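Have a look at the structure below before the remarks.
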Amino acid sequence: MSTSRTTTTRPDAIAPRAQRRDSARRQSRLAWMLVAPTILIITIVVIFPTLTAVYQSLFGVKGIDPETGFVNDTAPFVGLQNYANMFIGESGARFWNAASNTTIFALLTVTLETILGVTMALIMHRAMRGRGLVRAAILVPWAIPTAVSAILWKWIFDAHGAANALLGTQILWATSDIPAKMAIIVADTWKTAPFIGLLTLAGLQVIPDEVYEAAKIDGANAWQRFRRITLPLVKPALVVAVLFRLLDALRMFDLPYILIGARKGSVETLSMLVQDEASNLRYGSAAAYALMLFAYVFLIAFAFIKVAGAEVIGAEEKKKIPLRQLFVNSRLPWKRSRKAQEEVA
Amino acid sequence: MKMKKFREGLSNTSSTLGIIGIVIFCLAPFYWMFVSSIRPATKIFETSLWPSDVSFENYGAVFDPSRGFGRALLNSVIVAGTTTVLALIVATFTAYALARLEFRGKTLILTVIVATSMFPIVAIVVPLLQLFTDIGWINTYQAMILPSLSFALPLAVWNLHSFFRQMPVELEQAAMIDGCTPGQAFRKIIMPLAAPGVFTTAIIVFISAWNEFMIAVTMVNDQAMQTAPVAISKFGGVSQFETPYGSQMAAGIVVTIPLVILVLIFQRRIVAGLAAGGVK
């Protein structure tokens, strides 16, 4: 293969602008080819099921039709009944309980995790020795499967477990309302506060020391330096970390499901409610609850991004050299270069 | 001068104390799991910091053939492994295109991928459960692998995307000026250099797939097809009212140890990967 036929051998006949357009088209075609499998999979496993859920949510349960007394083979169309049921009666009460549990858990755990995580990050950032040890330790709660950590905390919060022994109490954590909630919050905070700490630490490490030195010379005390320098500079990293954690907490499932149990009102979250309905073959109402959760998560994400100004996608740096140039200049296996070769020949 | 030294000493001590505090916070519950796993069943409710009798009977009980825990571990390896490999193959190309190529609709695709990673998985579980029931996929590997891609793929794309963006674009420029096609530049120059990033992403994706619970518990009701986290959560005691904490703790240790070893070996890379994927 000759490598000599490079930029110089190209015919000058083609106008630069046409070249550019052509190369942009070719680049875009290659990009779509590379992106297509991902789009296909996301369509199959996310978009298609979501749309199906919308359709499903309009149907009731197979079974005996109350009006005719016959057994239905197909689920009856019930319109918006599943959505209406969320607000009234027994199913309504269960939904509101799940919605409030979900909200309480998300708010409390994320607040606690953020405070603890930032504290941890500040400690780690200042530490001279033992950084490797802490970094390893901090990854352990993250790496433990949530299901396993739920069992671990179930054991700690057992009536005869370590929590009661340590606190000198005899609380039945799993069966009382508030203690059950507390157990979930403690377990979730343990698992994810280190993670927030880790991400915040990454944000702290890019702040140059000179900034602090300058502030010190100007007479800022430690608290002022934290408030005026550290927080604003670490905010972008922190905001994204908190957003992801918040959305994660809103879909909490494994932890309460295993630690306390399925269908336990004290800790039932929206995800648990959906899963319970689905596994009892009430697909219609399960889908309606699921879409409600989806809307809720979407709303929170939207509000959070608006209020806190999270830049999730991240501004593309504009100074990047456009690859377009390369596509024009290099030898390519596509049609046009063949045409160019023919022309040369 | 003296004052300064004193203050330095104080700050060193407090930061050391802080470090110890963090390590205890992170490891104490894990330690408790380990200590409980080596207590004999009769002394499981002891609350001493170290068991008076050390026994490995819980580990024996975990691997008792009637429990099928070995099979559950194998299932987990198959499901998490396949999910990781599939996600990485597909994600590498997509992430490269998103990081390097200019095309219309790029921001839209990035947005879709980020939105997918924030998506409540339970919303797709309901329709897929019905679909899989209809086509007879309940209790199959694909019924767990396919839905797992919904979180594994965006995670992989996002991580690799930030790795590719960190690599200088001059690499491809040089290669292409020397006569490589973009395909060749990708294969011969980018892939070898991106290998560490791909590897890090693989670990992160594998850990999240290994930890998956909701899909596995919903799509499978046959004990032989359960993944390890589901199997542990369903361990039964002798009677209905007894929770076999000893063997659950032992099983928890068995499931976690491979991950903890991975994390300890590759901690630097994992931290870099998490920071890149989570913050950017």
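These figures come from a predicted structure and were not determined experimentally.
When heavy atoms are compared at a cutoff of 4.5 Å, B/V90 approaches chain A by way of both its backbone and its side chain. When heavy atoms are compared at a cutoff of 4.5 Å, B/I124 approaches chain A by way of both its backbone and its side chain. Interface remark: A/Y257 contributes side-chain atoms only to the contact with chain B (heavy atom separation under 4.5 Å). If you measure heavy-atom distances from A/F195 to chain B, the contacts under 4.5 Å come from the side chain alone. With a 4.5 angstrom heavy-atom cutoff, B/I207 touches chain A only via side-chain atoms. Heavy-atom distances place the side chain of B/T16, and not its backbone, under 4.5 Å from chain A. In this structure, chain A has heavy atoms under 4.5 Å from both the backbone and the side chain of B/I19. Proximity to chain A is limited to the side chain of B/S14, based on heavy atoms less than 4.5 angstrom apart.
Counting only N and O atoms by type, the side chains of A/Q275 and B/T218 include a donor and acceptor under 3.5 Å apart.
Annotation: side chain of B/P229 is not in contact with side chain of A/V148 (no heavy-atom distance under 4.5 Å).
Taking the ring-ring contact (aromatic ring centres under 6.0 Å, His included) definition, one finds that B/F93 meets it with B/F186, sequence neighbours left out. Every residue meeting the side-chain hydrogen bond (donor to acceptor under 3.5 Å, both in side chains) condition with B/Y245, not counting sequence neighbours, appears here in chain and number order: A/D158.
Among A/E277, A/R126, A/M272, the residue making the largest number of heavy-atom pairs under 4.5 Å with chain B is A/R126.
The closest donor-acceptor contact from the side chain of A/Q27 to the backbone of B/L101 lies at 3.5 Å or more, if one exists at all.
B/F45 has its ring centre less than 6.0 Å from the ring centre of A/W155.
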